[in-house]
Colleague: 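First the structure, which I've put down as structure tokens, then a few questions once you've had a look.
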Protein chains: 2
Amino acid sequence: MIKYADLSNQVYEQLKAMILSNQYEPGQKLLQEKIAAQLGVSRTPLHKAFQMLENEYLVESIPRRGIYVKKVDYNQIYDAFECREALESVAARRLAENHTSEQIDLLKGFFTPFMNANIDINVDKYRKADELFHKQIMIMSGNSILGRLEVISNILVRTYQKGLVRPVSETLHEHFEIIDAIATGNGDLAAEMIAKHSRAARANIQQMLSK
Amino acid sequence: MIKYADLSNQVYEQLKAMILSNQYEPGQKLLQEKIAAQLGVSRTPLHKAFQMLENEYLVESIPRRGIYVKKVDYNQIYDAFECREALESVAARRLAENHTSEQIDLLKGFFTPFMNANIDINVDKYRKADELFHKQIMIMSGNSILGRLEVISNILVRTYQKGLVRPVSETLHEHFEIIDAIATGNGDLAAEMIAKHSRAARANIQQMLSK
DNA sequence: TCGCTGTTTTTTGTATACAAAAGTATCAAT
DNA sequence: ATTGATACTTTTGTATACAAAAAACAGCGA
């Protein structure tokens, strides 16, 4: 699939990056005219971009009022993790049952940098690796739907913003356990390992909710 | 949430209904000008509507070429069912663990008409009931993401078009078994029952694929 | 007949224009 | 000072206008 230099898409990418990097405040209104001027385009391609963002739960459109950056509430994060747990299990199972050694290497590659450096891990880089790892499993699963459910991956990014992360000391070796399970071809095991991984994160969120 | 008389939404609803009822041929190009004229609107609100439809996998946009009604291929249906199986399990588990008797009655209500009529079941009505049943479980689960994943429910509708349905004699009592499992509050059982239900449909699709 | 090339037509993507709704400010009256 | 009504400004939603790309077509040559 060839990406086209379509203005709507460029605007979408730009706004998405800005929202996910917190350059827009959650709850903030996105003024069409202003953004159009900033990006040097008219309001027309913005409409499509906003619609894309709304479908990914990144903004909310209130008709005749405007577009607002979605606030991330813990309940929704919890819900997303619940979905992610189920869907990643499907993905991991499929991938375990049908993969190449190159794919395994790719997955391992995300985390090997953090294995060697036995001191001070760059947390931002680790988060990025984590994001790519989970996204990549979905894509490589071969299930055409899984690779395109942006809702799930976006929520993960926003979770990072909230600081809802487990210590690297716990997750790093879990990631390798998941990869190993996939590599052995044991679908059930791979599904269970990744579900366990997600459940632990979900437990953290539940703690936040009960406070 | 109040629905607004927004042209884009009206257009979206209209086109969605037309696609799902096969009034547009799969693969057919949707000419913007023509559709705008037919619906008596300009092309501007169409853009948003098309974007919504694309997010639900009902149309496909090829930049600079046009919008095409998505062809339903068996592989994608299979993938959707795989996702549905996982997600419905989550929904059924939640609902089992937290529901009211009114919700149970609502679910039963979808199918009681077909219990009493011990002769000739109206297949179209049964399909509609099936669609609503599965959708309703997602909504009532209380998981804010599940209720809004239109991809999954759309695919189900398109599956009907392909005639990929199991006989009523099998599915009718399965539906009641699922409801009963939910009613007893046994989350694991409810999840397993609905997963089994989905798996059987998935097996049918796999048969089609292997041909 | 087929295929190539240049031209015309259609269709898309984007900008601009305009009407209606929402938001804001002003000012009078209590 | 606070409230309420009215005029003014901003902002949204939609229609129209225009440029550029794609598709359709016609004419020419092998």
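Basis for what follows: all heavy atoms, side chains included, without hydrogens, waters or symmetry-related copies. Here is the naming used below: chain letters follow the sequence lines, and residue numbers restart at 1 for every chain.
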Colleague: Which parts of residues 24-38 of chain A get close to DNA chain D, meaning a heavy atom less than 4.0 angstrom away?
Modeller: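 Hits under 4.0 Å, by residue number: A/Lys29, A/Leu30, A/Leu31, A/Gln32, A/Glu33.
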Colleague: Round to a whole Å and report the spacing from CG of B/Leu7 to C1' of D/dG13.
Modeller: 8 Å
Colleague: Would you say C/dG13 has OP1 or OP2 under 4.0 Å from some side-chain N or O of B/Arg65?
Modeller: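 No, outside the criterion.
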Colleague: May I ask you to list the residues of residues 39-51 of chain B, by number, that have any heavy atom positioned under 4.0 Å from an atom of DNA chain C?
Modeller: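 Correct list: B/Arg43, B/His47.
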Colleague: Under the side-chain contact (heavy atoms from CB on, under 4.5 Å) test, which residues partner A/Asp105, sequence neighbours left out?
Modeller: none
Colleague: Using atom CG of B/Asp6 as one end and atom C1' of D/dG13 as the other, report the distance to the nearest whole Å.
Modeller: 8 Å
Colleague: Any ring pair (Phe, Tyr, Trp, His ring centres under 6.0 Å) involving residues 132-151 of chain B? Give me the pairs, sequence neighbours left out, ordered by first then second residue.
Modeller: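 Applying ring pair (Phe, Tyr, Trp, His ring centres under 6.0 Å) to every pair that reaches into residues 132-151 of chain B, excluding sequence neighbours, yields B/Phe111-B/Phe133, B/Phe133-B/His175, B/His134-B/His175, B/His134-B/His197.
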Colleague: Can you sort out the partners of B/Val123 under side-chain contact (heavy atoms from CB on, under 4.5 Å), two or more places apart, ordered by chain and number?
Modeller: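 Here the qualifying residues are B/Arg127.
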Colleague: On a heavy-atom basis, which atom in B/Leu146 and which in B/Ala91 lie closest, and how many Å separate them?
Modeller: CD1-CB, 3.7 Å
Colleague: If the threshold is 4.0 Å, N to carboxylate O, is there a salt bridge linking B/Glu54 and B/Lys70?
Modeller: no
Colleague: Rounded to the nearest angstrom, tell me the gap between atom CD1 in A/Ile62 and atom C1' in D/dT11.
Modeller: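 After rounding, the reported distance stands at 14 Å.
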Colleague: With sequence neighbours left out, write down each residue that passes ring-ring contact (aromatic ring centres under 6.0 Å, His included) with A/Tyr57, or none if nothing qualifies.
Modeller: none
Colleague: Does OP1 or OP2 of C/dT14 have a side-chain N or O of A/Ser8 closer than 4.0 Å?
Modeller: yes
Colleague: Has the side chain of A/Ser198 got a donor or acceptor atom that lies under 3.5 Å from a matching backbone atom of A/Ala195?
Modeller: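 Absent.
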Colleague: May I ask you to say whether B/Glu25 pairs ionically with B/Lys71, meaning some side-chain N is under 4.0 Å from a carboxylate O?
Modeller: no
